[in-house]
Structures are given as structure tokens and as C-alpha cells.
Amino acid sequence: MIRLGQRPPARILLCLLWAAGIIVGLYKITAYSSTAGEAFPQPRQWPEETTLSRAADRPTMLLTLHPRCACSRATLEELARLLAQIPKPLRVLVLLYHPDAELGSWTETDLVIQARSIPGVVVQPDPKGVESERLGMSVSGHTAVYTADGRLLFNGGITRARGHAGDNAGPSAIVSLLSNQQPVATRTPVFG
């Protein structure tokens, strides 16, 4: 028992500090996973200056991928799940960021292998992120869907938080839009 005027035992102080550290750590982890990446203006029409080609007979989906971003694993899981639900075919380009002109071993990661294994997905090298930048897509996992005539249908992320797969507004909106239904949203945050 602690009496007035006495200092609490060191074990109690240590336990309080330990508990405070856990609370602060959990707060920081939660804040990080729920903080969206920086959003840039997305072209409302397919940009003429891009070297990427969109399909003239169906919608085109673009998705940016950093081959060394651990959070992108959830994005690829969501992409595979989403493509299985899409009612009509679309062209899917995964823009693979790499820091210089040569691909090399820097891009040969399990994420890139996973992306290439998804049926219907074309992995397109994007040296220094030039094409992603032209499209206003700066965060790994940023997804955009354009109509066959080049009009932006959807812009945002397809995960519910940074590195977390599961039901969320992004894939639901894309399925609704491609099914000619009213989506809940046409823009969602991108978490990476």
C-alpha cells in the first residue's frame, strides 16, 4: 500500500510507461493505415500526351504499382477480386513504377509476379512514373477507369485502408459503373 508522500514503486511507473507506449503505438499505426495518399487533379478526359493506349471498344482501367510497396499486396488482392466481378470486359494496365530507364532486378518482386498472374492484366513499365504523373496518379494503388471514348468514370483507391483488403467503396463503385448502375461514389481515397 502506498502512503501519502511516498513515491510509487518503480514497477508501477514502468507498467504505466509501457501501457502509454502501447497506446501511442496503436494510435500511430491506426493513423498511418487510415491516412490517404496525396491526391492530384485527375484528367477528366484521357490525356492526348500519354503514350499509353486505351481500348477503343471497352473501358480501360489503369492502376499504379510500386514494386516494393508492401501495402500494394492488398491492392492486387482487391484487383483480382474486382476483375472477377466485372460484368463486361475491360482493358487493365498496371503501371509499374521504376526509378530509372532500366527495369532490371529492381522490379522483379513478388508483387510484380502477382500482378502478372492476374488474368487480363497487362503490366506496363513506367520509368520514373512519367505516365502516372501525366495522369495525376502519384500513389501506388491509385486506380482510374476511363470509358472507350476516353471519359473518366472512376478515380481513387480500391482498398479500405493502407495495406488492408476487404469490402470497400472503390470496387463497389467500379462494378456499379460498369453495370450501368448508380455508384455510391465515383472518387475514393487512395491509401497505397
As an exercise, state the distance from CD1 of Ile86 to CG of Leu177, rounded to the nearest 0.5 Å.
9.5 Å
Verdict with supporting geometry, Ile158 and Arg81, side chain to side chain contact (heavy atoms under 4.5 Å, CB included)
CA-CA 10 Å; Ile158 57 173; Arg81 195 173 303 133; over 6 Å; no
Could you label the plane-to-plane angle of the Tyr97 and His66 rings as parallel, tilted or perpendicular, counting under 30° as parallel and over 60° as perpendicular?
parallel
So do Leu52 and Leu95 actually touch side chain to side chain, heavy atoms under 4.5 Å?
yes
dist Gln85:CD -> Ile174:CD1 (nearest 0.5 Å) comes out at 10.0 Å
Take a 6.0 Å sphere around CD of Glu48 and say whether it holds more than 12 heavy atoms from other residues, nucleotides or ligands.
no
Looking only at side chains, do Thr64 and Ser140 share a donor and an acceptor under 3.5 Å apart?
no
Taking atom CE of Met137 and atom CG of Leu65, what is their separation to the nearest 0.5 Å?
11.0 Å
Side chain proximity check, Leu93 to Leu63, heavy atoms < 4.5 angstrom
no
Sidechain-backbone polar pair: Gln182 side chain, Ser176 backbone, donor-acceptor under 3.5 Å:
no
Between Ser53 and Arg91, is there a side-chain donor-acceptor contact under 3.5 Å, judged purely by atom types and distance?
yes
Test your reading of the model: is there a side-chain donor-acceptor pair from Glu133 to the backbone of Ser138, 3.5 Å cut-off?
no
Answer yes or no: is there a donor N or O on one side and an acceptor on the other, between the side chain of Asp110 and the main chain of Gln114, under 3.5 Å?
no
Tightest non-hydrogen contact, residues Cys69 and Leu111, listed as O-CD1, 3.1 Å
Nearest 0.5 angstrom please: Asn155 CG to Thr143 OG1, how far?
9.0 Å
For Arg54, which residues count as a side-chain hydrogen bond (donor to acceptor under 3.5 Å, both in side chains) partner, sequence neighbours excluded?
none
Transitive ILVMFWY side-chain link Trp46 to Val122, under 4.5 Å:
yes
Does any N or O in the side chain of Thr159 come within less than 3.5 Å of the main-chain N or O of Thr75, such that one atom is a donor and the other an acceptor?
no
Does the side chain of Arg151 reach to within under 4.5 Å of the side chain of Arg44, using non-hydrogen atoms?
no
Single-linkage hydrophobic cluster Val184~Leu152, side-chain heavy atoms < 4.5 angstrom:
no
Going by salt bridge (Lys or Arg N to Asp or Glu O under 4.0 Å), name the pairs with one or both residues in residues 13-23, residues two or more places apart or in two chains.
none
Side chain to side chain contact (heavy atoms under 4.5 Å, CB included) between Val145 and Thr60: does it pass, once the steps are laid out?
CA-CA 6 Å; Val145 179; Thr60 299; over 6 Å; no
Shortest non-hydrogen contact from Pro43 to Gly136?
CD-N, 4.5 Å
Sidechain N-carboxylate O distance under 4.0 Å for Glu108, Arg68
no
For Thr188 versus Gly157, what's the shortest heavy-atom pair and its separation?
OG1-O, 2.8 Å
Tell me every residue that passes side-chain hydrogen bond (donor to acceptor under 3.5 Å, both in side chains) with Glu131, counting only those two or more places apart in sequence or in another chain.
Thr50, Thr51, Arg134
Give the C-alpha distance, both sets of side-chain angles, the deciding distance and a yes or no for side chain to side chain contact (heavy atoms under 4.5 Å, CB included) between His98 and Lys128.
CA-CA 6 Å; His98 55 96; Lys128 298 182 183 178; over 6 Å; no
Taking all atoms of both residues into account, what is the closest heavy-atom pair of Ala144 and Tyr146, and its distance?
CB-CE1, 3.9 Å
Given the rule in the side chain to side chain contact (heavy atoms under 4.5 Å, CB included) test, do Arg58 and Lys88 qualify, once you have shown the distances and angles that lead to the verdict?
CA-CA 8 Å; Arg58 58 195 161 153; Lys88 56 183 167 183; over 6 Å; no
Residues Leu178 and Pro59: closest non-hydrogen pair is CD2-CG, 3.6 Å
Determine the minimum heavy-atom distance between Pro119 and Leu83, stating which atoms define it.
O-CD1, 4.1 Å
